[in-house]
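The structure under discussion is supplied below as structure tokens; questions concerning it will follow.
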Amino acid sequence: MNLSQLRYFACIGRLENYTQAAQELHVSQPSLSKAMHHLEEELHFTLFHKQGRHIVLTDTGRQLLKVVTTSLQGLDTGIAELQAAQAHQPVTVRVGCIPTVIGTYLPKVLHQFEQQRTGRVQFELHSVPSEAVQRGLKAGTFDLGIAAVDDRWPGYQYQALLKQAFIVIVAPDHPLAHRRQLTLGDLVDYPVLTYDPQLLIGQKVQRILTHAGVADALQLKAAYPDEISIAGMVQSSQAVGLVADTLYLAAFNVRKLRVAVPADLRVVSAIYRADNPHHADLQALFDLITTQSS
């Protein structure tokens with residue numbers, strides 16, 4: 001015996017008509033007949049008997065109908081009460097976000113969204129690199145990802161948040177410090193520090209250097225996990241750093257120089273799976289982001 005069988009029986013017993021019950025339940029009439037046959041076999045009861053072209057409840061069927069109707073009403077009421085209680089609990093959206101955004105742009109927009117939703121939504125923030133954001137979205141451990149990605153996957157929604165230019169950083173006394181703008185060719189005489197190519201941003205830097213035809217000419221050390229480690233090395237050496245322009249750089253004594261590159265922007269996007277159960281809330285968040293950026 002299962003819940004579907006009991007709901008079918010309640011409807012058929014109330015109407016005493018298979019055709020009308022099938023229409024009301026949006027189930028085929030043979031499926032209803034089969035379900036009632038199995039229910040009768042399992043209970044060892046005869047629930048209906050034919051009366052001409054119609055069916056009527058037996059005495060046992062009529063007694064069972066009262067029990068089932070009362071039970072289903074109690075079940076439906078209990079579920080409705082639980083749903084009403086749950087409606088007053090905030091939805092928790094798990095966010096995987098790259099560190100350069102989690103403490104700057106993101107808190108402001110999420111706080112504004114929480115206020116608009118009057119406590120219906122709360123965010124659980126996790127500071128992780130772009131690679132971990134992508135893995136978390138695929139695995140379902142993150143509902144929303146904030147990351148710098150180049151490729152777009154089918155079945156995901158994307159919204160651009162902000163752009164971070166690729167720049168060169170040097171120490172204040174570096175020979176290039178007085179320049180306002182550089183080309184990648186201007187860096188060949190100096191050690192160039194940039195991101196580990198195992199990182200997505202490191203892979204993008206490698207593509208930029210290859211496209212510009214300078215990858216083999218540069219004294220390149222691509223081994224660093226973030227702007228903090230690169231800037232820390234640059235500020236006390238003659239090396240140059242090729243990095244994204246983030247707020248992390250404000251903590252270091254370096255000069256920021258523009259550099260002409262074929263793909264000069266790192267785009268940070270908000271991403272979620274289209275089948276996420278919080279789709280409506282996430283789409284509303286995207287609408288807010290669009291409004292703020294327009």
Side-chain angles (χ1 to χ4, degrees), residues 92-111 123-169 192-211 215 220-235 239-252 254 256 259 261 263-274 276 278 282 285-286 289:
T92 298
V93 176
R94 300 159 299 169
V95 183
C97 180
I98 57 175
T100 54
V101 178
I102 201 167
T104 54
Y105 173 89
L106 189 62
K108 179 180 178 181
V109 68
L110 294 187
H111 178 66
F123 294 95
E124 176 185 294
L125 302 183
H126 300 266
S127 179
V128 292
S130 291
E131 295 77 13
V133 171
Q134 291 186 326
R135 289 194 299 269
L137 288 170
K138 286 183 176 180
T141 53
F142 294 144
D143 301 299
L144 176 67
I146 310 294
V149 294
D150 293 329
D151 300 325
R152 294 199 168 197
W153 306 328
Y156 287 76
Q157 300 295 322
Y158 292 79
Q159 175 63 53
L161 293 181
L162 55 94
K163 296 178 180 180
Q164 297 171 334
F166 279 125
I167 59 172
V168 167
I169 56 173
V192 178
L193 312 183
T194 192
Y195 306 96
D196 188 326
Q198 292 188 8
L199 303 175
L200 291 175
I201 189 171
Q203 294 165 17
K204 183 164 188 178
V205 170
Q206 296 296 323
R207 290 196 298 271
I208 289 173
L209 298 180
T210 300
H211 187 271
L220 191 64
K221 186 175 182 180
Y224 296 91
D226 50 38
E227 298 81 27
I228 295 174
S229 54
I230 296 171
M233 295 295 293
V234 164
Q235 71 177 355
V240 301
L242 184 57
V243 297
D245 188 3
T246 73
L247 289 181
Y248 282 158
L249 300 176
F252 297 90
V254 295
K256 298 194 292 187
V259 60
V261 294
D264 61 347
L265 292 176
R266 178 195 193 197
V267 180
V268 177
S269 298
I271 313 158
Y272 71 88
R273 286 174 55 157
N276 188 281
H278 306 314
L282 293 168
L285 176 60
F286 276 24
I289 293 169

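As the structure is a computational prediction, the values presented were derived from the model and not from experiment.
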Compile the donor-acceptor pairs under 3.5 Å between side chains in residues 220-229 and protein atoms, sequence neighbours left out, one pair per line.
{"residue": "D226", "atom": "OD1", "partner": "I228", "partner atom": "N", "Å": "3.2"}
{"residue": "D226", "atom": "OD1", "partner": "S229", "partner atom": "N", "Å": "2.9"}
{"residue": "D226", "atom": "OD1", "partner": "S229", "partner atom": "OG", "Å": "3.1"}
{"residue": "E227", "atom": "OE2", "partner": "Y195", "partner atom": "OH", "Å": "2.6"}
{"residue": "S229", "atom": "OG", "partner": "D226", "partner atom": "O", "Å": "3.0"}

Separation between CZ of F123 and NE2 of H111, rounded to the nearest 0.5 Å: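 These two atoms lie 12.0 Å from each other.
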L125 CG to L144 CG distance, which is reported to the nearest 0.5 Å: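 Taking CG in L125 and CG in L144, the distance rounds to 9.5 Å.
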Atom of P197, atom of Q203 and distance for their closest heavy-atom approach: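 P197 and Q203 have their closest heavy atoms at O-CG, 2.9 Å.
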Show which side-chain atoms of residues 127-142 pair as donor or acceptor with protein atoms under 3.5 Å away, not counting sequence neighbours.
{"residue": "S130", "atom": "OG", "partner": "A148", "partner atom": "N", "Å": "3.3"}
{"residue": "E131", "atom": "OE2", "partner": "L200", "partner atom": "N", "Å": "2.3"}
{"residue": "T141", "atom": "OG1", "partner": "G136", "partner atom": "O", "Å": "3.3"}

field: Close side-chain approach of I201 and F166, heavy atoms under 4.5 Å
entry: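 Touching, per the 4.5 Å side-chain cut-off.
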query: With no hydrogens and no angle check, is any side-chain donor or acceptor of D143 less than 3.5 Å from a backbone partner on R94?
result: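 Pair found, side chain donor or acceptor close to backbone of R94.
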query: Which atom names give the shortest non-hydrogen contact between L249 and A231, and what distance separates them?
result: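 What the structure gives for the nearest pair is CD2-CB, 4.0 Å.
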field: V192 vs V168 side-chain heavy atoms within contact, under 4.5 Å
entry: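 No - every pair of side-chain heavy atoms lies 4.5 Å or more apart.
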query: Any idea which heavy atoms bring R273 and Y156 closest together, and the distance?
result: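 Minimum heavy-atom separation between R273 and Y156: CG-CE2, 3.0 Å.
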- request: With rounding to the nearest 0.5 Å, note down the distance linking CG in L209 to CD in Q206.
  value: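 Rounded to the nearest 0.5 Å, the CG-CD separation comes to 6.0 Å.
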Minimal non-hydrogen separation, Q157 against A274, with atom names: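 Where Q157 meets A274 most closely, the heavy atoms are NE2-CB, 4.0 Å.
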- request: Mark yes or no for whether E124, through its side chain, and V93, through its backbone, hold a donor-acceptor pair below 3.5 Å.
  value: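 Not at all, since once roles are kept as given, no pair shorter than 3.5 Å links the two residues.
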- request: First locate atom CG of D245, then atom NZ of K256, and finally report the distance between them rounded to the nearest 0.5 Å.
  value: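 The distance works out to 3.5 Å.
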query: Roughly how far, to the nearest 0.5 Å, is the CD1 atom of I169 from the CD atom of Q235?
result: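 Reported to 0.5 Å precision, the distance equals 9.0 Å.
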message: Looking at every non-hydrogen atom in both residues, tell me the closest pair between G241 and V234 and how far apart they are.
response: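 Closest heavy-atom pair between G241 and V234: N-CG2, 3.6 Å.
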task: Verify, without hydrogens or angle tests, whether S269 (side chain) and Y158 (backbone) share a donor-acceptor contact under 3.5 angstrom.
output: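 Not a single qualifying donor-acceptor pair exists.
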task: Would you mind reporting whether L242 and I208 have side-chain heavy atoms less than 4.5 Å apart?
output: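 A side-chain contact under 4.5 Å is absent here.
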field: Closest contact, heavy atoms only, L193 versus I230
entry: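 Closest approach of L193 to I230, heavy atoms only: O-CG2, 3.8 Å.
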